[in-house]
Structures are given as C-alpha cells and as structure tokens.
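Reviewing the structure listed below.
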Amino acid sequence: MTVLDLPPRTGVPTGASVMDERTRCRIGYLLVACGLALLPWLVMLATGFPAVAGSAQESLTWVGLDSLEAVGLVSTGLLVLGRDPRSILAASATAVLLLADAWFDTTTASSGDLVSALAMAVGAELPLAALCAVLTVRGFPLAASLISGPPSGR
C-alpha cells in the first residue's frame with residue numbers, strides 16, 4: 001500500500017488505487033522538475049534583485065522563501081516517487097509556502113509588477129499548491145491507518 005492508496009478499512013477493495021503508477025511518477029517528476037527550475041531564479045534573485053527591491057534584506061527574504069519552496073517541491077516529489085507516507089507532510093508544508101508566496105507576491109507588487117505577480121500566482125504557485133493539497137488530502141486515509149494501527153478483532 002502506498003501513500004496515495006486507500007487502506008482496506010475504508011471499504012475500498014484492496015487493489016483499488018487512487019492513482020495509477022504512471023500518474024504517481026509524473027507527479028513526482030513534475031514536482032522535482034519545478035523545484036529544480038527554481039534554482040536559476042534563485043541565482044537571479046540573489047544577484048540582481050537588490051537593485052530592483054531597494055534593499056539586500058528584501059532580497060534575502062525572497063531568496064529564503066523561494067529556496068524553501070524549491071526544497072519543498074523536490075522533497076515532495078522524491079517522497080511521492082518513493083511512495084513514502086511522509087510525502088503528505090512535505091506536500092502540506094509546500095502548499096502553505098506556495099500560497100504564502102502567491103499572497104506576498106501579489107500584495108507587495110507595485111502597479112507595474114502586478115500583472116507578472118498575478119501571472120506567476122495563477123500560472124505556477126496556485127496550481128502547484130493545489131496539487132500539493134490534493135496529495136496531502138489523499139494521503140490522510142493511509143496516515144490515519146498508520147496512526148491508529150491495525151483494526152481490533154472486536
């Protein structure tokens with residue numbers, strides 16, 4: 001049984017899988033690729049953003065947040081690929097980080113940058129956050145069965 005499979009206790013037949021292996025692999029590789037794609041963006045932020053933002057402290061803030069997102073995306077992807085139940089923890093934390101990034105990008109953007117901030121939020125951050133939220137919710141039945149242990153004989 002994997003993190004994306006429903007446990008037999010829910011009344012779903014043992015062989016019924018929420019997600020087939022191909023889909024699981026695609027999601028895992030997608031998350032890893034998105035996390036790795038943030039690396040050039042992080043370099044650009046670290047080297048070029050202070051001139052735009054006006055302070056090195058703001059640059060450090062954005063680099064830190066985006067670094068955590070990259071680590072979260074890669075970690076979640078690798079845990080999904082490895083069928084590790086801890087993927088729900090990584091996915092939920094990553095979803096929160098992505099939502100926070102979308103919020104802060106759009107609320108702190110100047111009027112000239114608002115369109116690009118909204119495009120990033122709608123095109124990347126919010127869909128990835130939704131995917132991570134779905135992975136989290138689908139992983140709860142297995143997590144609950146692991147916490148509660150095997151069903152009693154009574």
Side-chain angles (χ1 to χ4, degrees), residues 1-7 10 12 17-147:
M1 182 177 308
T2 68
V3 72
L4 299 177
D5 294 333
L6 294 173
T10 62
V12 176
S17 177
V18 174
M19 192 176 301
D20 67 7
E21 188 63 27
R22 179 179 292 159
T23 303
R24 184 186 334 276
C25 286
R26 286 181 182 163
I27 289 172
Y29 288 126
L30 171 74
L31 292 171
V32 170
C34 288
L36 294 177
L38 280 173
L39 296 179
W41 173 248
L42 288 168
V43 171
M44 199 273 313
L45 280 178
T47 59
F49 194 65
V52 176
S55 81
Q57 200 167 17
E58 286 180 39
S59 175
L60 180 62
T61 301
W62 290 115
V63 169
L65 179 60
D66 287 352
S67 296
L68 288 172
E69 288 174 22
V71 168
L73 288 166
V74 170
S75 299
T76 302
L78 292 175
L79 289 169
V80 166
L81 287 170
R83 299 182 190 157
D84 193 318
R86 294 172 293 181
S87 66
I88 65 172
L89 300 172
S92 61
T94 303
V96 171
L97 288 168
L98 290 162
L99 289 173
D101 192 18
W103 175 258
F104 290 127
D105 281 347
T106 55
T107 58
T108 62
S110 64
S111 59
D113 292 332
L114 184 59
V115 172
S116 63
L118 286 171
M120 283 298 294
V122 171
E125 294 156 349
L126 295 178
L128 285 171
L131 175 61
C132 288
V134 167
L135 291 173
T136 300
V137 170
R138 287 194 174 168
F140 277 139
L142 177 61
S145 70
L146 292 174
I147 292 170

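Note that this is a predicted model, so its numbers are computed, not measured.
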Might you work through the side chain to side chain contact (heavy atoms under 4.5 Å, CB included) test for L81 and L31, ending with a clear yes or no?
CA-CA 10 Å; L81 287 170; L31 292 171; over 6 Å; no
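- In this structure, the separation between CG on L68 and CG on D101 is 10.5 Å, given to the nearest 0.5 Å.
- Smallest separation of non-hydrogen atoms from A124 and P127: O-CD, 3.4 Å.
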For V115 and L118: C-alpha separation, side-chain torsions, deciding distance, then whether side chain to side chain contact (heavy atoms under 4.5 Å, CB included) applies.
CA-CA 5 Å; V115 172; L118 286 171; 5.9 Å; no
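- Counting all heavy atoms, side chain and backbone alike, A129 lies closest to A95 at O-CB, 3.6 Å.
- At least one donor-acceptor pair closer than 3.5 Å links the side chain of T136 to the backbone N or O of S92.
- Comment: R86 engages D84 in a salt bridge, judged by a side-chain N to carboxylate O separation of less than 4.0 angstrom.
- In this structure, the side chains of L128 and T94 stay at 4.5 Å or more apart for every pair of heavy atoms.
- Considering every non-hydrogen atom in both D105 and E125, the closest pair reads OD2-OE2, 3.0 Å.
- Atom CG of L60 and atom CG of L65 lie 11.0 Å apart (nearest 0.5 Å).
- Note that CG of L89 and CG of L79 are 9.0 Å apart. Values are rounded to the nearest 0.5 Å.
- Residue A121 comes nearest to T106 through the heavy atom pair CB-CG2, 4.2 Å, listed as atom of the first residue, atom of the second, then distance.
- Side chain of S116 to backbone of D113: a donor-acceptor contact under 3.5 angstrom is found.
- In this structure, V137 and I88 have side chains that are not in contact, with every pair of non-hydrogen atoms separated by 4.5 Å or more.
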Decide yes or no on side chain to side chain contact (heavy atoms under 4.5 Å, CB included) for V32 and T76, but give the supporting numbers first.
CA-CA 8 Å; V32 170; T76 302; over 6 Å; no
Does the pair L135 and S87 meet the rule for a side chain to side chain contact (heavy atoms under 4.5 Å, CB included), with working shown?
CA-CA 8 Å; L135 291 173; S87 66; over 6 Å; no
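- Summarising the geometry, atom CG belonging to L73 is positioned 9.0 Å from atom CG belonging to L131; distances are rounded to the nearest 0.5 Å.
- One finds the CH2 atom of W103 at 11.0 Å from the OG1 atom of T108 (value rounded to the nearest 0.5 Å).
- Atom CH2 of W41 sits about 11.0 Å away from atom CD of E69, to the nearest 0.5 Å.
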